[in-house]
There are 2 protein chains.
Amino acid sequence: MSNSEVQVGYLVKQAQSLLRLRMESALRPHSLTVSQYSCLHRLRREPGISAAGLARATFMTRQSMNSMLQQLLDRGLVERPARPDSGRALPTALTAAGTDLLSAAQAEVDRVEESMLSGLSQSDLIALTRGLNACVKALEG
Amino acid sequence: MSNSEVQVGYLVKQAQSLLRLRMESALRPHSLTVSQYSCLHRLRREPGISAAGLARATFMTRQSMNSMLQQLLDRGLVERPARPDSGRALPTALTAAGTDLLSAAQAEVDRVEESMLSGLSQSDLIALTRGLNACVKALEG
DNA sequence: TTGCTCATGTAAGAATTCTGACATAGAATT
DNA sequence: AATTCTATGTCAGAATTCTTACATGAGCAA
């Protein structure tokens, strides 16, 4: 209760920064950055997504995403066709190695998120989720 | 209500990203980045703070903060003594120009935060703040 | 005093991400 | 059919931030 004047925007930034720090620690043994993990995570959820779509889902530019995808390609964690079957979008997907690495990494990341929420009751968690969703919706509009 | 499986960590990141985007738009006319704004904001709250302390408060490294402070010094928005009076820390403070610019910028940033919270009731806001504080506390521990 | 630890400032370089720009493919419009 | 619009991929370069490393000043303990 150091100071109740703290603004919500600052709290969001603080929580996100700390969460990122903990995730980095958890992911370092797997040689993954948070951005790379987010990318792999999204790829499992939405196989065949384009780099531009991936960028939107992970809050980066498509230029940054493409340079990151190149690294993941080099490591054999993801795969893309050489040429698009239609349009310009190159559908990207996880390889078997990527799927395995993601599973191992997610186990640890999930523990980080669990610990973050450890002080919250069921109803607290619902209220937090509702509040954040309302913020997102308002900022999008 | 697209998907209730979304994790809280992702929501935090999404909210923070969108908030940053809106803040960037609001600050661009003032030629300030979000990081610079955060720095000025903290300086008003804690005049005489060191660059390292400023870095901690704004979630950056002290190296990044020092290079940012150099820009703000060049623009005459902040001031630091040439030599420390004691120890190594150089106490930093806002100039009159920095105070004025901050006031003008904050008016617009406050509107962004207001709009973010526009869909929340009083009790929703309290619950959101409580939830975020609990997350921060758990991640710090 | 001496040595140890910690915090701060700083320098050099790498890595990441972004901005601006351009080409291309499909969709939409006229 | 021709044009315009939108989305995607890509290139080049800049800007930001981080990593690693080192020097210095203060506090503390032996």
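Note that the coordinates shown come from a computational prediction; the quantities given were computed from them, not determined experimentally. Every chain is numbered from 1 and lettered A, B, ... according to where its sequence line falls, protein lines coming before strand lines.
Between the CE atom of Met65(A) and the C1' atom of dT17(C) there is a distance of 11 Å, rounded to whole Å. Here dA7(D) presents its C1' atom at 8 Å from CZ of Arg56(A), a figure rounded to the nearest Å. Rounded to whole angstrom, the span from the CZ atom of Arg20(B) across to the P atom of dC18(C) amounts to 10 Å. dA11(C) atom P lies 14 Å from atom CG of Leu69(B), rounded to whole Å. Rounded to whole Å, atom P of dA15(C) lies 20 Å from atom CE of Met60(B). If you take CG of Asn66(A) and P of dT16(C), they are 15 Å apart, rounded to a whole angstrom. The separation between Leu90(A) atom CG and dA7(D) atom P is 18 Å, rounded to whole Å. In this structure, Ile49(B) places its CD1 atom 13 Å from C1' of dT8(C), rounding to the nearest Å.
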* Which nucleotides of nucleotides 19-28 of chain D have their base under 4.0 Å from a protein heavy atom (B), which only their sugar-phosphate (S), and which neither (-), written as one string 5' to 3'? -> BBB-BBSS--
* Derivation of the side-chain hydrogen bond (donor to acceptor under 3.5 Å, both in side chains) call for Gln70(A) and Asp74(A) -> CA-CA 6 Å; Gln70(A) 189 54 55; Asp74(A) 294 344; 3.1 Å; yes
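Every residue two or more places apart in sequence or in another chain that forms a side chain to side chain contact (heavy atoms under 4.5 Å, CB included) with Ala52(A) is listed here: Ser50(A), Arg56(A), Arg62(A). Residues passing the side chain to side chain contact (heavy atoms under 4.5 Å, CB included) test with Arg20(B), sequence neighbours excluded: Lys13(A), Gln16(B), Glu24(B), Val34(B), Ser35(B). Remark: Ile49(B) pairs with Leu43(B), Glu46(B), Leu54(B) by the side chain to side chain contact (heavy atoms under 4.5 Å, CB included) rule, at least two apart or across chains.
One finds the CE atom of Met23(B) at 10.0 Å from the CG atom of Leu32(B) (value rounded to the nearest 0.5 Å). In this structure, CG in Leu72(A) is found 5.5 Å from CG in Leu77(A), a value given to the nearest 0.5 Å. Annotation: the span from Leu101(B) atom CG to Gln106(B) atom CD amounts to 11.5 Å, rounded to 0.5 Å.
Each ring pair (Phe, Tyr, Trp, His ring centres under 6.0 Å) pair with one or both residues in residues 49-77 of chain A, not counting sequence neighbours, appears once here: Phe59(A)-Tyr10(B). Sorted by first and then second residue, the ring pair (Phe, Tyr, Trp, His ring centres under 6.0 Å) pairs with a member in residues 83-136 of chain A form an empty list; sequence neighbours excluded. The salt bridge (Lys or Arg N to Asp or Glu O under 4.0 Å) pairs that include a residue from residues 121-139 of chain A are Asp124(A)-Arg130(B), Arg130(A)-Asp124(B), where partners are two or more places apart or lie in different chains. Among residues at least two apart or in separate chains, there is no salt bridge (Lys or Arg N to Asp or Glu O under 4.0 Å) pair with a member in residues 93-115 of chain B. Residue pairs satisfying the salt bridge (Lys or Arg N to Asp or Glu O under 4.0 Å) criterion with at least one member in residues 83-93 of chain B, sequence neighbours excluded, are absent.
Taking five base pairs at each end of the helix from dT1(C)-dA30(D) to dT30(C)-dA1(D) and finding the rotation axis that steps the C1' atoms of four pairs onto the next four gives two axes whose angle is 30°, to the nearest 10°.
In this structure, the side chains of Leu128(A) and Cys135(B) come closer than 4.5 Å at one or more pairs of heavy atoms.
Other residues, nucleotides and ligands contribute only 12 or fewer heavy atoms inside 6.0 Å of the CD atom of Gln122(B).
Ser35(A) has a side-chain polar atom (N or O) that falls below the 4.0 Å cut-off from OP1 or OP2 of dT17(C). Under 4.0 angstrom from either OP1 or OP2 of dT16(C) there lies at least one side-chain N or O belonging to Gln71(A).
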Close N or O pairs between protein and nucleotides 1-5 of chain D (under 3.5 Å):
none

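Within residues 72-81 of chain A, no residue approaches DNA chain C, by heavy-atom distance under 4.0 Å.
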